Amino acid sequence: MSLLEIDNLSLNIGDQPILKDIDISVAPGEIMGLVGESGSGKSLTALTIMQLLPFGAHTTGRVTLGGIDILATDEERMCLLRGKEVGMVFQEPMTALNPLKTIGEQVAEGIRWHNRASRAEAEEQARIMLDRVGLPAEKFPLSRYPHELSGGQRQRVVIAIACALKPKLLIADEPTTALDVVLQVQILDLLRDLVTENRMGLLLISHDLAVVTEMTDRITILRRGEVLEAGKTAETLSRQRHPYTRQLAQASMHVPQRPVSPAQEKNHTPLLVVESLTRDYPGSRTAWLRHGEPLRAVDNVSFSMLAGQSTALVGRSGCGKSTLARMILALDRPSAGTIRFRDETITDKREHELKLARRGMQAVFQDPYGSFDPRQKVERLVTEPLHLLEKAPSRTERRNMAEDALAEVGLIPSDLDKYPHEFSGGQRQRLSIARAIITRPKLVVADEPVSALDVSIRAQILDLLADLNSRLGIAYLFITHDLTVARAITDDVMVMHAGRIVERGATKEILDHPQSEAAQALVAAAPDLHRALARKLQEQG
Amino acid sequence: MTLHASLLGDRSASLLRRALSNRSFVIGLVIAVAVAAVALISYVWTPYDVTRLVIADRTRPPSLAHWFGTDHFGRDILSMIMVGARNSIAVALVAVGIGMGIGVPLGCLAAARGGMLDEAVMRLNDLVFAFPALLSAIMITAVFGPGALNAIIAIGIFNIPVFARVARAGALSIWPREFILAARTAGKGKILITIEHILPNIATLLLVQGSIQFALGILAEAGLSYVGLGAQPPMPSWGRMLFDAQTRMTVAPWMAMFPGMAIAITVLGFNLLGDGLADILDPRSRRRQ
Amino acid sequence: MIAYPARRIAIAIVTLVLASIVVFTMLEIVPGDPARIMLGMNASAEQVAQLRHQMGLDAPLLLRYLHWTGGLLKLDFGQSYTYSVPVIDLVAERMAVSLPLALIALALSTIIAIPVGLYSASRRGGTGDTIAMGTAQLGVAVPNFWFALLLIYLFAVWLHWVPAGGFPGWDAGIGLALKSLALPALALALPQAAILARVARSALIEVLSEDYIRTARAKGIPRRAVLWRHALRNAMIPVLTIMGLQFAFLLAGTIIIENVFYLPGLGRLVFQAINQRDLIVVKSVVMLLVAIVIVVNLLVDLSYALVDPRLRGRP
């Protein structure tokens with residue numbers, strides 16, 4: 001008999017339908033993957049099982065957990081189930097813990113509540129649980145507060161809370177999306193071990209097919225609130241019976257066509273030269289007017305890039321790659337070292353002396369929503385870099401340039417009169433690119449430009465970037481933690497670790513034969529659908 | 001994220017619909033407009049002349065001739081309330097103007113520059129915050145003697161750090177956004193960015209704070225003129241009218257009733273307006289609906 | 001991170017010094033010679049000069065400032081120009097009325113506001129919440145001195161429960177003294193309680209939408225318990241901030257309310273002093289009140305560290 005059985009579940013919030021006739025089941029000890037793009041209703045499915053839906057939600061159908069009909073259970077009895085029979089791990093570890101309570105209190109709280117255990121007993125169990133998730137009491141005493149832990153450590157605490165009472169079902173909603181790839185592997189391993197140890201059922205919600213393939217026994221693919229396909233993981237993903245499944249799988253493995261690798265069309269003058277660049281941040285204050293050890297975010301970094309060359313800068317979160325990018329973009333000043341762009345030293349310039357360099361160097365940012373002023377129209381937003389021209393263009397000239405830029409990224413002139421909120425995430429990233437290329441720059445620094453996008457959109461944006469690279473000869477400095485993206489679009493890779501560049505070489509070479517420890521860890525941890533699927537096929541026959 | 005952006009960018013038609021379906025906003029707006037209208041009408045017409053003392057008619061209870069009754073000099077209380085509205089509105093408006101005019105640039109500058117300048121502005125804020133409007137008014141009156149201007153200056157000065165804080169906090173939340181980075185890569189300086197991007201994005205915050213400070217200004221002005229630190233007789237003011245009413249509570253309670261209600265309704269109106277505006281313009285409030 | 005308390009204390013001291021400079025400069029530029037005021041118009045120029053010397057008024061500005069602040073530290077505020085008694089005596093006598101009044105009002109408003117805020121937040125959108133918040137909205141709008149007049153009319157004039165004004169002094173017995181402070185405290189407290197209840201409610205609602213509240217609920221802790229265990233303490237920070245600010249308003253309010261009830265507090269003292277141009281009293285009272293405001297805000301800042309572990313170092 002199944003542990004969790006969802007039959008014909010429909011969910012409306014207000015009069016808006018969110019889920020339509022969903023069927024999902026999870027057996028004890030089984031890992032079920034729930035896959036879908038943003039807005040598919042994955043998270044609300046989880047919250048339905050927890051009965052923690054937002055106000056105004058209305059459900060029909062049947063959800064049973066260990067034989068108990070959850071939709072018919074009142075709040076009081078539901079409180080007895082939550083934490084005890086079903087636990088949940090959330091996406092954002094930074095905000096999931098109460099900042100004012102110690103981790104010990106937070107793990108012990110559920111134990112005390114459900115088992116009526118004494119404080120000492122509960123704390124003892126909490127200690128064991130925290131030890132189990134990799135936070136031994138010698139190094140992480142129960143009296144630690146959340147702000148004293150890193151993101152990965154906090155997620156371990158959240159897992160400890162969810163598993164403290166060995167629930168029969170664990171729901172994990174994008175548990176690793178906010179973490180870097182190396183932490184992702186650690187957390188996923190932990191979840192898998194806990195499931196095996198306690199014969200828990202796990203409902204793993206993710207947008208990442210590679211992760212789901214690696215982890216799950218069966219998967220359910222959700223789109224716009226409907227189940228499109230469900231079945232054994234290997235079989236479902238290899239047969240790809242439903243066109244959407246195929247589309248998802250292909251988009252996840254997508255590599256853009258790059259007709260001629262422009263780096264080979266030689267242009268030997270270096271475009272960008274970075275020499276022994278260092279950036280220190282003052283340490284946190286330890287006393288009045290006294291600072292702790294300065295934090296070295298970027299440590300003596302040197303490299304150069306050729307025109308038209310597409311280079312990836314990869315590394316774990318916090319390795320200093322974004323700080324480096326900001327210094328190259330002259331948004332931050334280095335503590336030491338120089339940056340030369342097209343033979344012009346930019347590190348000692350004042351803002352008004354940077355116009356020429358800025359014209360040749362633009363940026364695309366990660367967040368397609370945050371990178372536009374919501375109060376301005378697209379025309380104004382896309383033409384903002386024209387501020388850098390020596391002679392201010394006339395109105396019609398601006399309009400023409402904006403139309404050209406939009407055409408380059410596959411948007412139409414009438415889009416210029418819209419506001420950014422009228423566009424989807426992928427379209428906005430196109431706008432972002434249009435803005436970056438309007439001054440015909442030689443270098444575009446792109447900071448995780450596709451990591452906030454769904455896989456199918458991501459594939460399109462990668463195609464666009466590859467196309468612009470070959471047509472306009474724009475060089476990219478591509479900052480990413482995602483090796484699939486690096487492999488897809490770059491010629492060269494630089495691996496950054498603890499502020500230093502520890503390895504550099506041709507993309508394929510490094511990704512296939514990483515030398516440094518940091519690179520090896522990244523490669524080993526990178527989720528790879530091909531590899532995962534091959535392994536799963538072997539397992540599941 | 002999606003929500004946030006789409007709400008911030010939400011435009012006229014739906015905004016208006018939301019505004020008109022917000023009860024607080026509508027009631028607040030009606031009261032605010034009514035009070036402003038009364039003050040304006042008082043320039044061209046009042047039921048009676050408030051400068052003429054008619055001793056024969058003194059302390060008359062409300063009647064058809066004098067809807068709100070008369071005071072101890074026989075002046076018509078309705079007329080005095082109408083004229084008093086001018087004073088209240090003028091003081092509150094100018095005080096908000098002072099607070100915004102000085103506080104917003106200071107707050108924006110502190111957020112844009114950071115470092116020592118930010119520290120200096122914040123310390124200055126602390127200093128001014130230590131002087132509630134009443135204490136400033138006491139000092140100013142002690143030095144320059146009583147007058148309506150004292151109230152304006154005292155309340156205005158206290159408004160400066162209020163707006164500086166709101167502007168600074170708002171600006172600090174906008175500065176790290178990626179569209180600001182984009183503007184910087186477009187070579188725009190801090191002042192230009194503040195004008196083009198920061199100010200439009202904190203305007204709604206300032207508007208909400210403005211209506212709250214306006215309401216507080218009305219209250220503070222009434223308090224100051226009540227203790228004699230604000231408008232001076234014969235200029236009618238709501239606070240002063242209450243002072244006059246105090247000793248006559250037993251014989252002429254209406255003298256205290258109506259000016260007090262005028263203050264309370266005006267303050268209520270602007271508070272509701274502020275609440276309503278915050279509800280309409282705050283992206284999070286829609287999520288709650 | 002011993003830095004936080006040390007930093008707040010340092011900031012408070014700097015603010016105090018700056019405030020004393022402001023008060024001193026403001027009241028130094030006053031036209032009119034205190035010595036002349038004290039001696040009256042008939043005094044000879046010599047007499048005036050002598051008194052000026054006696055009072056130290058002929059010393060250089062900086063020296064006078066240092067003398068004044070030095071005196072403040074020793075609680076020596078100088079001599080009143082009109083009463084010719086030490087200002088500290090006048091102030092101390094009046095403080096015995098004003099400070100208890102402000103404190104009672106603060107306590108009263110907190111006791112009323114926090115439960116109302118909690119109730120409203122936990123039943124958001126319900127009838128109780130609507131009524132409570134409607135009342136609060138009204139309470140915020142009512143000027144406290146008008147409210148005081150209404151209270152007098154109701155309880156003193158009509159019901160004769162309490163005296164309409166005046167203060168018998170603490171010597172007359174605590175009960176009697178408290179009785180005459182009851183209406184003033186109520187008049188001060190209720191409008192403040194309205195503000196505080198609104199802040200408490202919105203702070204709680206804000207906190208209740210945080211992720212960690214969902215984590216707690218996912219543990220199986222019922223809503224009510226989550227409100228007490230997780231939300232309340234997190235919501236304390238904005239509530240404390242407002243309470244600190246409120247104390248400044250309460251002090252100001254006290255000065256006004258004392259006039260309504262004819263209470264012999266600091267407010268009455270300062271208005272008399274303004275009328276009699278007894279500027280040293282004005283200067284002292286203003287400085288004292290400013291100092292109280294600064295110290296209270298410092299206490300609020302320090303109490304954040306008690307609530308929030310992020311602001312305190314590990315022991």
Side-chain angles (χ1 to χ4, degrees), chain A residues 14 38-39 54-56 325-326 328-332 350-359 361-377 380-389 418-425 428 431-432 435-436 438-439 441 444-445 447 452, chain B residues 1-15 18 112-116 118-119 123 170-171 173-207 281-289:
Chain A
S38 47
F55 189 73
R326 289 168 63 101
I328 291 168
L329 286 167
L331 297 174
D332 193 0
R350 291 156 163 276
E351 185 58 48
H352 64 269
E353 299 167 320
L354 281 170
K355 280 198 167 184
L356 181 67
R358 288 206 186 283
R359 224 181 298 158
M361 180 162 68
Q362 283 289 307
V364 175
F365 298 100
Q366 171 176 6
D367 178 6
Y369 297 98
S371 49
F372 294 102
D373 187 336
R375 295 182 187 276
Q376 293 187 351
K377 284 187 179 174
R380 203 154 159 217
L381 292 167
V382 168
T383 55
E384 190 162 37
L386 298 182
H387 180 71
L388 294 165
L389 301 186
K418 294 185 187 165
Y419 285 98
H421 74 266
E422 296 172 64
F423 295 89
S424 69
R428 277 189 232 206
L431 288 176
S432 196
R435 172 172 61 189
I438 198 165
T439 55
V444 167
V445 178
D447 192 350
Chain B
M1 213 43 110
T2 339
L3 248 142
H4 186 61
S6 70
L7 289 174
L8 271 177
D10 217 304
R11 288 262 113 56
S12 46
S14 81
L15 203 64
R18 265 148 59 69
R113 282 290 168 81
M116 289 302 283
D118 187 22
E119 191 71 21
R123 297 293 73 82
S173 75
I174 307 284
W175 271 104
R177 303 271 300 269
E178 285 183 343
F179 68 80
I180 300 294
L181 289 182
R184 289 181 60 200
T185 57
K188 292 194 170 161
K190 291 185 166 174
I191 294 174
L192 202 55
I193 289 178
T194 298
I195 294 169
E196 285 186 4
H197 294 292
I198 304 286
L199 277 177
N201 278 291
I202 61 170
T204 55
L205 274 180
L206 297 175
L207 198 64
L281 301 171
D282 177 5
R284 286 172 311 176
S285 70
R286 195 206 257 177
R287 190 175 56 193
R288 291 192 199 120
Q289 284 167 6

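Predicted model only: the values in this text are computed from it and were never measured.
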For this session: Return the minimal non-hydrogen interatomic distance between P385(A) and A186(B), and the atom names on each side.
Result: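 P385(A) and A186(B) have their closest heavy atoms at CA-CB, 3.5 Å.
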Seminar exercise, completed: Turns out that what part of F365(A) lies under 4.5 Å from chain B's heavy atoms comes down to both
Selection from [options] maximising heavy-atom pairs under 4.5 Å formed with chain B:
| options | result |
| --- | --- |
| M361(A), K355(A), Q366(A), H352(A) | Q366(A) |
| R359(A), R435(A), H387(A) | H387(A) |
| V364(A), L331(A), L329(A), L388(A) | L331(A) |

Exercise. Can you tell if the side chain of P374(A) reaches within under 4.5 Å of the side chain of N201(B), non-hydrogen atoms only?
Worked result: yes
Problem set entry | E178(B) side chain reached by D447(A) side chain, heavy atoms, under 4.5 Å | no
Exercise. Taking everything shown except R113(B) itself, do over 12 heavy atoms lie less than 6.0 Å from its CZ?
Worked result: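 Count not over threshold, so no.
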Problem set entry | Pairing residues for F179(B) by the ring-ring contact (aromatic ring centres under 6.0 Å, His included) criterion, not counting sequence neighbours |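 Listed in chain order: H197(B).
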For this session: Decide, yes or no, whether a salt bridge links K190(B) with E351(A) under the criterion of side-chain N to carboxylate O below 4.0 Å.
Result: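 Salt bridge between K190(B) and E351(A), a charged N being under 4.0 Å from a carboxylate O: no.
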Exercise. Run the side-chain contact (heavy atoms from CB on, under 4.5 Å) check on D367(A) and R177(B) step by step: do they pass?
Worked result: CA-CA 9 Å; D367(A) 178 6; R177(B) 303 271 300 269; over 6 Å; no
Exercise. If you round to the nearest 0.5 Å, how far is CD of E196(B) from CD of E384(A)?
Worked result: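 Here the rounded value is 6.5 Å.
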Seminar exercise, completed: Contacts of R184(B) meeting salt bridge (charged side-chain N to carboxylate O under 4.0 Å, His left out) (sequence neighbours excluded), chain-then-number -> none
Seminar exercise, completed: Residue from I174(B), T185(B), L192(B), I180(B) scoring the most non-hydrogen pairs under 4.5 Å with chain A is T185(B)
